[in-house]
Protein chains: 2
Amino acid sequence: MSTLSIGDLARRTGVPVETIRYYERMGLLPKPPRTEGNYRAYEAGHERRLAFVKRSRDLGFGLDAIRALLDLADGADRPCGEVDALARDQLAEVERKIADLTAMRAELQDMLGHCRNDTVADCEIIGRLRGK
Amino acid sequence: MSTLSIGDLARRTGVPVETIRYYERMGLLPKPPRTEGNYRAYEAGHERRLAFVKRSRDLGFGLDAIRALLDLADGADRPCGEVDALARDQLAEVERKIADLTAMRAELQDMLGHCRNDTVADCEIIGRLRGK
DNA sequence: TCTTGACCCTGTAGCGACTACAGGGTGCAG
DNA sequence: CTGCACCCTGTAGTCGCTACAGGGTCAAGA
Ligand SMILES: [Zn+2]
Ligand SMILES: [Zn+2]
Ligand SMILES: [Zn+2]
Ligand SMILES: [Zn+2]
């Protein structure tokens, strides 16, 4: 038989078993047919769909956005403006996070650069956390 | 009287009331004395401690790390090596996140740059999410 | 004096995206 | 036939808040 168990699918996609079941509960993956013993039996279509979800997650899309992307991907001859909009929103979100983290990094580096490694009372890190 | 209500403290530190109560439950802030009407009555020490917590949060430290920093900050004449280690760990974490997000940004930008705004079937964004 | 309204209290539930059990069932190899 | 890896469901925990629900307190204005 060419069907995959949930464990097979997990190994092939790199998505943990528990996460696959979670995606199914969240409506990202269709409920697969079951074997006699009530095991999930996946086929190639399921694997492609899960791979799509994984690539989207790797780009930071939230599950709601991924549901929307999956729906849009089904309408082959519709314009892709909505897809674009989702990607642009996600890019904006990523850029916002990078900006926040870059500010944190600068301050942490500066604190560490000023620390003379003596007592806590004189430590620049503690001093700045206290607000000088 | 020079005490502050929880709302006063929230306004002065920029930390929401609910979050202040949450920090108290989590053991980051000492339980303040109460008024006759059972209102929390804060003093300058509480405000300084909360400001320390806020600055630490703004740098991305987790609450466990902040608890440790607060403890270390009390031992004035001990060496600051542990403080340093916490800051270095936090810097490493921030740098890891920046690296992840930078990769996401590059891929999102590239996808968006290749999208010719036609149909979903030809859309580069959908194509890449599907794995080409 | 009464009442309005802003503030405060506790306790609990929800968010997002998992992750980790507990307590069982299935299926195959030795 | 027995062990073991795997699968099942359902629930609770993670992190750092945030949002109620259902009450109590308090000062100012009519
Ligand atoms: Zn400097
Ligand atoms: Zn130091
Ligand atoms: Zn390219
Ligand atoms: Zn497109």
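The chains referred to below are lettered A, B, ... by the order of the sequence lines, with proteins before strands, and numbering in each begins at 1.
Atoms CZ and NZ, from A:R25 and A:K31 in turn, are 10.0 Å apart once rounded to the nearest 0.5 Å.
For B:E82, the CD atom sits in a loose shell: 12 or fewer heavy atoms of surrounding residues, nucleotides or ligands are nearer than 6.0 Å.
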Walk me through whether A:V15 and A:Y22 qualify under side-chain contact (heavy atoms from CB on, under 4.5 Å). CA-CA 11 Å; A:V15 178; A:Y22 172 72; over 6 Å; no

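Under a 4.0 Å N-O distance rule, the pair B:D58/B:R55 does not qualify as a salt bridge. Remark: A:E18 engages A:R21 in a salt bridge, criterion side-chain N to carboxylate O under 4.0 Å. Ionic pairing of B:R67 and B:D64 is present here: one or more N-O contacts between side-chain nitrogen and carboxylate oxygen are shorter than 4.0 angstrom. Of the charged side-chain nitrogens involved, none lies within less than 4.0 Å of a carboxylate oxygen, so that A:D8 and A:R12 do not count as a salt-bridged pair.
Between A:E36 atom CD and C:dT26 atom C1' there is a gap of 12 Å when expressed in whole angstrom units. The separation between B:L28 atom CG and D:dC15 atom P is 13 Å, rounded to whole Å. Taking atom OH on A:Y22 and atom C1' on D:dT14, their separation rounds to 13 Å, with Å as the unit. Computed from coordinates, the A:D100 CG to D:dG16 C1' distance equals 16 Å when rounded to whole Å. B:E93 places its CD atom 13 Å from the P atom of D:dC15, with the value rounded to the nearest Å. Rounded to an integer number of Å, the gap from A:D58 CG to C:dA17 C1' is 14 Å. Look at CG on A:L9: it is 10 Å from P on D:dC7, rounded to the nearest Å.
The shortest distance between the side-chain N/O atoms of B:Y23 and the OP1/OP2 oxygens of D:dC17 is below 4.0 Å.
The hydrophobic cluster containing B:L69 also contains A:V120, counting ILVMFWY residues as joined when their side-chain heavy atoms lie under 4.5 angstrom apart, directly or transitively. Clustering ILVMFWY residues whenever any of their side-chain heavy atoms sit less than 4.5 angstrom apart, transitively, puts A:Y39 in a cluster other than the one holding A:I20.
For the pair A:L59 and A:V94, the tightest heavy-atom approach, listed with the atom from each and the gap, is O-CG2, 4.4 Å.
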Collect all protein-nucleotide pairs involving nucleotides 8-12 of chain C in which both atoms are nitrogen or oxygen and the distance is under 3.5 Å.
| residue | atom | partner | partner atom | Å |
| --- | --- | --- | --- | --- |
| C:dC8 | OP1 | B:S5 | OG | 2.7 |
| C:dC8 | OP1 | B:G7 | N | 2.7 |
| C:dC9 | OP1 | B:R40 | N | 2.8 |
| C:dC9 | OP1 | B:R40 | NH1 | 2.8 |
| C:dC9 | OP2 | B:R21 | NH1 | 2.6 |
| C:dC9 | OP2 | B:R40 | NH1 | 3.2 |
| C:dC9 | O5' | B:R40 | NH1 | 3.4 |
| C:dC9 | O3' | B:R34 | NH1 | 3.3 |
| C:dT10 | OP1 | B:R34 | NH1 | 3.4 |
| C:dT10 | OP1 | B:R34 | NH2 | 2.9 |
| C:dT10 | OP2 | B:R40 | NH1 | 3.2 |
| C:dT10 | OP2 | B:R40 | NH2 | 2.8 |

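Using a 4.0 Å cut-off on heavy atoms, none of the residues of residues 63-72 of chain A approach DNA chain D.
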Parsed dot-bracket for DNA chain D after applying the Watson-Crick and G-U rules with both distances under 3.5 Å and | for other-strand partners is ||||||||||||||||||||||||||||||

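For the pair A:H46/A:R40, no side-chain contact is recorded, criterion being any heavy-atom separation below 4.5 Å from C-beta on.
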